[in-house]
Amino acid sequence: MKSWYLINSISVAVFGFVLSAAFCGIRWTRGKRLALIGSMAAILSLQGLVLFGASPAIVGRLYPLITHIPLAAVLCILSRRLLWPVVAVQAAYLCCQLRRWLALLAVAVAPGFADQNIAELALTIPLLLVLLRVAAPSVQSISHGTAAVQWQFCIVPALYYGFDYLTRIYTSLLTEGSMVVVEFMPFVCSAAYLAFVLHASAEGQARSRLEQAQGILDMQVAQAVQEIEVLREVQKKNSICRHDLRHHMNYLSSCIEHGRYGQALSYIHGICLEMEKNKVEAFCENEAANLIFSAFAGRMEGCGAHLGIRAKIPQEIPVSESDLCVLLSNALENALHACQTLREKGLPGQAEVTAYVENKRLFLQFTNSCDGDVAFARGVPATDKPGHGLGVQSICAIVAQYGGIYDFSLQDGTFILRLVL
């Protein structure tokens with residue numbers, strides 16, 4: 001029986017060593033593997049010296065000092081991290097209880113045929129393989145999280161570690177049956193479950209908000225791309241008109257030669273109207289910006305407002321074309337709505353855009369007249385009208401995507417939006 005106990009002690013130590021190393025998420029090299037194997041051999045030798053010099057009870061009391069602390073120190077050195085190796089050792093210690101409890105179950109089911117040490121030995125390799133395949137990758141992924149996430153993951157293993165040593169190894173409180181002690185771990189499981197539910201709910205709500213914002217952004221991008229394609233089609237038609245100018249000249253020449261001056265003037269007037277309607281004015285070098293500016297300049301003029309544009313945007317900018325179109329379209333759309341509201345009240349309205357690139361950063365400023373009735377929430381315009389406010393959300397999402405800054409303000413009846421990306 002003594003030999004089975006010794007073999008089982010070695011197997012549980014190796015089980016904990018391997019699982020701790022797997023949970024630690026170290027990028028293993030040949031040198032690190034050799035260092036871990038050498039450390040395992042040294043720790044096992046230290047356990048053997050203590051065991052042969054004292055009783056198993058003393059070994060159990062000294063186990064943190066002769067096994068867990070040295071193992072955590074070795075893993076800290078190999079991983080060059082401080083917190084996570086300690087968490088990995090405690091998580092592996094917690095998993096060792098799976099092996100112990102399953103063996104206890106086997107002995108309870110077949111008391112005359114199963115021995116505790118032999119049952120634990122039989123479970124060691126299968127359970128270790130399952131944990132390495134199923135649990136280790138998930139635990140390793142948590143090691144890349146923030147320190148707060150690592151501390152959250154550490155709570156249950158740390159509480160169990162302390163509970164087990166304080167109530168079973170250093171004292172006999174657990175076997176004495178104190179209800180406070182007996183009910184402590186069920187309480188921890190309940191509290192951990194509730195914390196998990198709250199955390200999962202918060203994560204789900206955050207994910208839902210992100211998906212909603214992404215959906216809004218995708219919709220705005222699709223709309224902007226569609227607008228660009230329409231405007232490009234208009235520009236294409238203008239190119240065709242310029243290409244067909246020779247044919248127009250021939251027709252006009254024929255009209256003049258035959259004295260049909262009124263027909264020629266009417267034809268000229270029609271061509272001018274068509275070209276004016278499809279005109280894309282060049283405000284800057286960037287083609288997409290010109291298309292958006294031209295479209296909104298015409299819409300502003302149609303509602304009796306003036307859009308002033310001062311733009312120096314090159315063709316190559318640190319923002320994608322679709323994102324630029326979403327920013328310009330949403331900001332100018334909001335300005336247009338504000339001017340239309342003023343017009344309905346019989347008041348004049350105007351808007352102005354300033355845009356330029358400096359030090360590889362895109363600077364945009366939009367100003368427009370408004371009636372002063374703008375509500376802000378956390379520095380962002382807010383509204384409870386259905387279907388409104390999506391443009392502002394899209395603007396904020398794009399700016400956040402590029403790590404930029406935005407500023408919404410209202411000064412003396414003028415709404416101001418500043419963006420830096």
Side-chain angles (χ1 to χ4, degrees), residues 1-21 23-24 36-77 82-108 115-121 123-124 127-128 131 154-189:
M1 191 63 63
K2 181 77 172 178
S3 60
W4 284 118
Y5 172 79
L6 290 174
I7 296 172
N8 186 38
S9 298
I10 295 172
S11 69
V12 72
V14 174
F15 181 92
F17 293 156
V18 174
L19 206 55
S20 298
F23 286 170
C24 208
L36 179 64
I37 293 172
S39 301
M40 290 169 53
I43 294 173
L44 288 173
S45 300
L46 180 60
Q47 289 182 9
L49 291 174
V50 175
L51 179 62
F52 285 107
S55 64
I58 299 298
V59 174
R61 290 172 178 268
L62 295 178
Y63 210 80
L65 296 176
I66 63 176
T67 303
H68 295 148
I69 292 178
L71 177 60
V74 170
L75 294 178
C76 285
I77 294 172
L82 293 177
L83 173 61
W84 187 251
V86 178
V87 177
V89 171
Q90 291 179 346
Y93 181 86
L94 186 64
C95 290
C96 288
Q97 307 312 308
L98 295 173
R99 173 181 177 274
R100 182 169 176 268
W101 187 86
L102 290 173
L104 287 171
L105 179 63
V107 172
D115 176 77
Q116 176 73 22
N117 290 309
I118 296 175
E120 288 185 17
L121 281 169
L123 288 166
T124 298
L127 184 59
L128 180 60
L131 291 173
C154 177
I155 290 174
V156 172
L159 285 175
Y160 181 79
Y161 186 91
F163 174 82
D164 194 44
Y165 273 92
L166 290 176
T167 63
R168 193 176 62 85
I169 297 176
Y170 294 149
T171 69
S172 58
L173 291 175
L174 186 61
T175 56
E176 290 173 359
S178 172
M179 292 305 296
V180 174
V181 175
V182 171
E183 295 295 332
F184 177 73
M185 284 314 297
F187 161 75
V188 170
C189 292

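Any value given below was found using the heavy atoms of this structure, including those in side chains, with hydrogens, waters and symmetry copies removed.
- If you take CG on Leu98 and CG on Leu128, they are separated by 12.0 Å, rounding to the nearest 0.5 Å.
- Heavy-atom neighbours of Phe187 CZ from other residues, nucleotides or ligands within 6.0 Å: at or below the threshold of 12.
- Gly16 and Ala92 get closest at one heavy-atom pair: O-CB, 3.9 Å.
- Between the NE2 atom in His68 and the CG atom in Leu62 there is a gap of 12.5 Å [rounded to 0.5 Å].
- Taking each heavy atom of Pro85 and Ala72 in turn, the nearest pair found is CB-O, 4.0 Å.
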**Message:** Would Ile7 and Leu121 count as a side chain to side chain contact (heavy atoms under 4.5 Å, CB included) here? Give the steps.
**Reply:** CA-CA 8 Å; Ile7 296 172; Leu121 281 169; 3.7 Å; yes

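- Counting only distance, with no hydrogens or angles, the side chain of Thr175 and the backbone of Ser172 share a donor-acceptor pair below 3.5 Å.
- Tyr93 has its ring centre no less than 6.0 Å from the ring centre of Phe15.
- Of all heavy-atom pairs between Leu173 and Val181, the closest is CB-CG2, 4.0 Å.
- When all heavy atoms are compared, the tightest approach of Ser11 to Thr124 is OG-OG1, 3.9 Å.
- In the model, Gln47 has a side-chain atom that pairs as donor or acceptor with a side-chain atom of Thr67 under 3.5 Å.
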**Request:** Please report the C-alpha distance between Val89 and Leu75 in whole Å, then the side-chain angles of each, then the deciding distance to 0.1 Å, and finally whether the side chain to side chain contact (heavy atoms under 4.5 Å, CB included) criterion is met.
**Result:** CA-CA 9 Å; Val89 171; Leu75 294 178; 4.0 Å; yes

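- Just one residue in the list Leu102, Asp115, Asn8 forms a side-chain contact (heavy atoms from CB on, under 4.5 Å) with Glu120, and that residue is Asn8.
- The backbone N or O of Leu166 sits less than 3.5 Å from a side-chain atom of Thr171, completing a donor-acceptor pair.
- Of all the heavy atoms in Ser20 and Leu71, the pair that sits closest is OG-CD2, 3.7 Å.
- Listed for the Trp84 side chain is a donor-acceptor partner under 3.5 Å among the backbone atoms of Phe23.
- A donor and an acceptor atom, one from each side chain of Tyr160 and Gln90, are nowhere located under 3.5 Å apart.
- Between the CD1 atom of Ile58 and the OH atom of Tyr63 there is a distance of 15.5 Å, given to the nearest 0.5 Å.
- Interatomic distance, Asp164 CG to Tyr170 OH, rounded to the nearest 0.5 Å: 10.5 Å.
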